[in-house]
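Here is the structure we will look at.
We name chains A, B, ... by the order of the sequence lines, and we start the count at 1 in each one. These figures come from a predicted structure and were not determined experimentally. Quick note: numbers below take in every heavy atom, side chains included, and nothing from hydrogens, waters or symmetry partners.
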Amino acid sequence: MNNVIGNIIQDKQAIKNQLGGTPNVYKVPFRFEEAVKPLHVVTKINAESVTGAMIWGSSIFGVWGSASWGDTSGSSFIIGSPSFGILGTNKLGAGGSQTVLYAVLPQDNIFTEYFGQNDYIDTVNSNGTLDTAAETYTINSTEVLQSGIICKLRTPIYNATFLNNQQIIDTGVGMYLPFTLGSDVFSGDNVEIYFSNDSGSTWVAANEGEKLTFINSSTGDELKYKIIGFSGTTVISTPLYIQINQ
Amino acid sequence: MVLTDSAKNRIRDLINVDISTGKLGTDATLPTASDSDLVAGVIATSAIPTQIIGNKIINSTHVLFSTTGNGQTYKEFGIYINTNVLFNRVVFPDFVKNSSEELHTTTVIRIQ
């Protein structure tokens, strides 16, 4: 019996020696991944005419020792004038100086509105509630969200549509609204959607199952959208993706 | 797992301070992810843009003044970070520059 016990003890010791005398530790790895994407959302180009203004270094306007101040109509920079050259304002030179929107270029022809700022919201014609921190826009019954110009490519825009989570559904001429108004983008089927390709002069309703055709399909090149609430409260809490087709 | 808005705004700040120049060019070749420079950049248009930041957003505006870069037809624009690393490139309809106009190019960058 002593021999048996002794052998058992020896066997246990041999096993311990094999295992290094310590219990096995199994490593269970966890791995989490998150993507950070700097996105180029849109580029806007403005051309500002300086005709008639006083320009330092210009060979045409504001030339020292000459009469070339302001434009030829006589709207010059005049000290003490109530109309021109007023300190702290932009009334320097002629009223011909102005900023002209030249182009608005959404990345990949898909404009995305995140509601993190109001640069592309027409605050004069919109009366819903923008929350830039929560990145939402809330529309109650009869309230309106109207955009500024979200695309200007200097060629006619013949079609536009909202995308479901940026997934392109159809790329042909004339597109159907690809999703149910209530389920995919807006919280409830409580809105009407319109697009304009002539900067708001004419509007076309975007309805499910119907092709959208602009009135000025061969000339309009400035795209806007408009969302009108007709019952209840609608909270737009996801980015709006709008695909533009030329 | 959620990447916080604070983290995204920190990344926004890091990119914001790294933006060094904006530049225009005269080639309309479509941009690709492998672009490392404007195809035909005009050195005279290189200027430091002005940034305005918002929640997870950078608005960067480059100005080409009336006395600069005239006589060219511009078709492309790019922002550079860390002096010479092309951050983005965009092509646009031809713009013929003359001394009666300033060209303001605003780029919106979002950290998603």
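In this structure, the portion of B:Phe87 lying under 4.5 Å from any heavy atom of chain A is its side chain and not its backbone. In this structure, chain B has no heavy atom under 4.5 Å from any part of A:Phe115. The part of B:Val91 that comes within reach of chain A is its backbone (N, CA, C, O), which places non-hydrogen atoms under 4.5 angstrom from that chain. Residue B:Leu64: no heavy atom, backbone or side chain, is found under 4.5 Å from chain A.
Contact of the A:Tyr194 side chain with the A:Gln146 side chain is not registered, since no non-hydrogen atoms from C-beta on lie closer than 4.5 Å. Using a 4.5 Å heavy-atom cutoff, the side chains of A:Asn125 and A:Lys226 are not in contact. The side-chain heavy atoms of A:Tyr137 and A:Glu113, taken from C-beta on, include no pair separated by under 4.5 Å.
The interface of residues 16-24 of chain B with chain A, defined by heavy-atom distances below 4.5 Å, is empty. The interface of residues 45-62 of chain B with chain A, defined by heavy-atom distances below 4.5 Å, comprises B:Asn55, B:Lys56, B:Ile57, B:Asn59.
Using modelled atom types, no side-chain atom of A:Asp221 and backbone atom of A:Lys152 make a donor-acceptor pair closer than 3.5 Å.
Rounded to the nearest 0.5 angstrom, B:Phe77 CZ and B:Leu103 CG are separated by 9.0 Å. Rounded to the nearest 0.5 Å, atoms CG (A:Asp122) and CG (A:Asn127) are 11.0 Å apart. Expressed to the nearest 0.5 Å, how far CD1 of A:Ile227 lies from CZ of A:Phe195 amounts to 8.0 Å. In this structure, CD on B:Gln72 lies 6.0 Å from OG1 on B:Thr26, to the nearest 0.5 angstrom.
Judged as a salt bridge (charged side-chain N to carboxylate O under 4.0 Å, His left out), the pairs with a partner in residues 103-112 of chain B (not counting sequence neighbours) are, in order, A:Glu135-B:Arg110.
By the side chain to side chain contact (heavy atoms under 4.5 Å, CB included) test, B:Val85 pairs with B:Ile81, B:Asn82, sequence neighbours left out.
Side-chain contact of B:Thr32 with B:Ser34: a donor-acceptor pair under 3.5 Å is present, judged by distance alone.
Close placement of the A:Tyr120 and A:Phe111 rings is indicated, their centers lying within 6.0 Å of each other.
Ranked by heavy-atom pairs under 4.5 Å with chain B, the first of A:Leu105, A:Asp119, A:Val104 is A:Leu105.
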